[in-house]
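Take a look at the structure below.
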There are 4 protein chains.
Amino acid sequence: MSDHDLKIDELMDGEELTEKQKKIIISAIESFAEKGYSATSTSEIAKKAGVAEGTIFRHYKTKKDLLLAIVAPVMAKFVAPFIIKDLNKVLHQDYEHFEDFLSAMLKNRRDFLVKNLATVKILVQEIPLHPELKELFKEHIALKVYERFEKIVEHYQANGQIIEIPAYSVVRMTFTSIFGYLIARYMLLPEAEWDDEAEAERTIQFIMHGLAGPNSSKN
Amino acid sequence: MSDHDLKIDELMDGEELTEKQKKIIISAIESFAEKGYSATSTSEIAKKAGVAEGTIFRHYKTKKDLLLAIVAPVMAKFVAPFIIKDLNKVLHQDYEHFEDFLSAMLKNRRDFLVKNLATVKILVQEIPLHPELKELFKEHIALKVYERFEKIVEHYQANGQIIEIPAYSVVRMTFTSIFGYLIARYMLLPEAEWDDEAEAERTIQFIMHGLAGPNSSKN
Amino acid sequence: MSDHDLKIDELMDGEELTEKQKKIIISAIESFAEKGYSATSTSEIAKKAGVAEGTIFRHYKTKKDLLLAIVAPVMAKFVAPFIIKDLNKVLHQDYEHFEDFLSAMLKNRRDFLVKNLATVKILVQEIPLHPELKELFKEHIALKVYERFEKIVEHYQANGQIIEIPAYSVVRMTFTSIFGYLIARYMLLPEAEWDDEAEAERTIQFIMHGLAGPNSSKN
Amino acid sequence: MSDHDLKIDELMDGEELTEKQKKIIISAIESFAEKGYSATSTSEIAKKAGVAEGTIFRHYKTKKDLLLAIVAPVMAKFVAPFIIKDLNKVLHQDYEHFEDFLSAMLKNRRDFLVKNLATVKILVQEIPLHPELKELFKEHIALKVYERFEKIVEHYQANGQIIEIPAYSVVRMTFTSIFGYLIARYMLLPEAEWDDEAEAERTIQFIMHGLAGPNSSKN
DNA sequence: CATGAATGAGGGTTCATTCAT
DNA sequence: CATGAATGAACCCTCATTCAT
């Protein structure tokens, strides 16, 4: 409980949340993640939160506002590490090698995912269904993150650590591999047994060197 | 129209579909893909299909039955290429190199995705929300496909074309890369300009050799 | 089956019933008796009868027509014994004593009830709910039967076998006792163990002499 | 109106009923009694009650719950006079003669019926159609009432006021006569002219001494 | 602030009935 | 004759939202 509260407060920073509001948010997250926004009724959320139906609407004018209140901060937190003002500087000094940068990013985003599993699930599931969300996502996340990441890629290409292919391809493949791993790990097969350290390492190595074995050459 | 019909008939093979049934399915696919199953009303589907609402329920006992009627065949078609009885034999003879196999698979599944874009979207979106679908997916797709794929991987590992890491990691990373590409290309950023041949080739090369440039070595 | 058919044919005399019509009637009777007219759907009847939905409406223009087709003949059969043209004559000669007449009537109507249990149930249940039925009942049954019965009562009062109270009271109390017995026996508690002969006899004796024991006098 | 309210409140004792709830109950009783439960729509009840349809379902989860809310208290009230704890004692002292007991019961139950005419109609009509109601009725009414009544009968048999036939026959015939009268009077032919006191008295006399006139003897 | 009764539009589904085959 | 696909009104019920308390 206090554990949950902490996370909620942390996510919703800036806002002062009453006790009831917190319970509403927590219940909504749970239900939205499990059954989807559309299949979750406000009365259900109210009941689960131990709150009157009207109370929800005192804090969030509409049901969709409640969704946004949940989803928007996750987007913000998700972008944050990529747009810290002096990211470039920091990066170059901290991570001499692309490999190290990848490793750091994977771990950093993994921590985030673990902390915000349900909320990210909602994000992923609802974005394609709500044009407003899609827009929000494109503007605030996709573009900003992509811009930063492109610069990073170009930096590592400039010093020969990454092959010379279009930056957007590099970005796509890197993201695909890292988030493909995280999604498989935490969302598709969370109940399987995972050797997290080994898989993370393998994923990084895969991004760097692929799967080719000694006899892979075609000629 | 006749174009659409063809695709529907092809997908729902085995079943004899009346004209009205086809219209219902087509309308349902469109709406489910756009707004999600839960947010789509049967009356809306009926209107779009130019059919009385009762007609839907003559053919599909419940709304969920309609969803299953749409989603089940896609699953079947999706698995099909992986479980052709003599897949192994064929593969070994046709694709001397893993690279060629990957390329073939990517193209094959890409064609499938292009043809069934909306339906696959529905599949991807609804699976996490419906336990029955999740079960169906696990049994019929995940397991069967994985089994086959694992054998293929082991075959190419045996002759040294793939590095010796756990087969499931190879499978995960391969799938992640290929479907990551397809999802980005056709579902997330379909409106961007894509040089499909080049991206496909890059993706294959990435899977084989990763991103490492000449100076990537850390020591 | 052939047993059932016989009874149906017998009840619906005059009409030529096709095989399907008979099945429809039988199914309708079963369902109407069990769940009531209103709660029984035509599709349910069709299914139970092994007949297409449309077939019902070929024979009976509306659902209510089907009800009437079932209920009207029972009314007719029910009245029949009371309005045989020469009832009076017959009676006077056959039954010197009122007691014997009662006994005959009880047995006669009991046989009828046993044969038409479900249909009578429907009759009893639906009459209060359908003004047309109520009208039918009043005109064809209540009045005609009452008239005859009144004459009979007056006859037995004239020769001192029945006390001199208003005929309608005699009719009411007689009917109440006889049908009260039959309803209890066959409709309310059919599963209890009944000594039919003894109960019938007791009922007749009750009508004749009441319950008073030797010390019943109040003064 | 205030008259109606009184009766409703009295019937639904224990429950606090809002104004709207009362209107719903009153409307439902009216419609159920007239057309039967199954043929009455919730929208019709709502309209008649001057209430939104949703309001009905806020107070009664289902339509059947509404039926039960109406019917259950009538059952309870109906049994009540029979199961007053010290019924036996009271009876024996108050009613030296069975005849007086009968007379008291008839009047008592008549008052009840007059007050709850519509509701009893519903009860009588719906019990055969709903297994739950049938069960409720058997457990709470039939059994409890029968037990008490049997004891009373045995008491009057012991002192010779009632002839020595099986108690259940006495019970059946007494009930049949009394309720046969009440049903005829208030449910079948309410619009006829009745001399209530005379009919009541005749009914009691009938139960006590039957219909036999001076020349009724068969030998 | 919090409540929960009230709303009425709309949800999925069933209905009696029609009609082309 | 018999069929069963098609209909659209009506069914019971749930919904997001409002507002007097």
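Atoms considered below: every heavy atom in the structure, side chains included; atoms not considered: hydrogens, waters and symmetry mates. If you're wondering where the values come from, they're calculated on a predicted model, not measured in any experiment.
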Would you kindly give the CD1-to-P distance between Ile56(D) and dT7(E), to the nearest whole Å? 10 Å
note: Gln21(D), atom CD; dT7(E), atom C1'; distance rounded to Å ~ 16 Å
Figure out the CD/C1' separation between Glu44(D) and dC12(F), and round it to whole Å. 14 Å
Pull out every residue in residues 57-64 of chain C that has a heavy atom closer than 4.0 Å to any atom of DNA chain E, ordered by number, or say none. Phe57(C), Thr62(C), Lys63(C)
Check whether Lys121(B) reaches the backbone of Pro128(A) with its side chain - one donor and one acceptor, N or O, closer than 3.5 Å. no
Calculate the interatomic distance between Lys22(A) atom NZ and dA2(E) atom P; express it in whole Å. 13 Å
Return whichever of Ser41(C) or Ser43(B) has its heavy-atom-nearest nucleotide of DNA chain E closer to the 5' end. Ser43(B)
If you assign each of Ser38(D) and Lys20(B) to its closest nucleotide in DNA chain F, which residue comes earlier from the 5' end? Lys20(B)
Residue met sooner reading DNA chain E from 5', once Glu53(A) and Gly54(C) are mapped to nucleotides: Glu53(A)
Check the distance between dG12(E)'s P and Asp65(B)'s CG and give it to me in whole angstrom. 14 Å
What distance separates Lys23(A) NZ from Thr55(A) OG1, expressed to the nearest 0.5 Å? 11.0 Å
Thr55(C) side chain N/O closer than 4.0 Å to the phosphate oxygens (OP1, OP2) of dT3(F)? yes
Without decimals, in angstroms, what is the distance between Lys23(B) NZ and dA5(F) P? 17 Å
Classify the nucleic acid contact of Thr40(B) as base, sugar-phosphate or nothing, counting any heavy atom under 4.0 Å across all strands shown. sugar-phosphate
Whole-Å distance, Lys47(D) NZ to dA10(F) C1', equals 11 Å
Any chance you could lay out the salt bridge (charged side-chain N to carboxylate O under 4.0 Å, His left out) test for Lys22(B) and Glu19(B), step after step, and finish with the verdict? CA-CA 5 Å; Lys22(B) 265 183 259 174; Glu19(B) 206 54 38; 3.7 Å; yes
dT13(E) pairs with, by Watson-Crick or G-U criteria that keep both distances under 3.5 Å: dA10(F)
Short side-chain to backbone donor-acceptor contact, Tyr37(B) and Lys64(B), under 3.5 Å: yes
Any donor and acceptor pair, going by atom type alone, linking the side chain of Lys61(C) with main-chain N or O of Leu66(C) inside 3.5 Å? no
What closest approach, in Å, do Ala39(A) and Ser38(B) show between heavy atoms, and which atom pair accounts for it? CB-OG, 3.2 Å
Can you tell me the Watson-Crick or wobble partner of dC19(E), both distances under 3.5 angstrom? dG4(F)
Under 4.0 Å, heavy atoms only, any strand: does Thr42(C) hit a base, just the sugar-phosphate, or nothing? base
How many Å lie between NZ on Lys35(A) and C1' on dT14(F), as a whole number? 12 Å
When you measure from the side chain of Glu53(B) to the backbone N and O of Ser43(B), does any donor-acceptor pair fall under 3.5 Å? yes
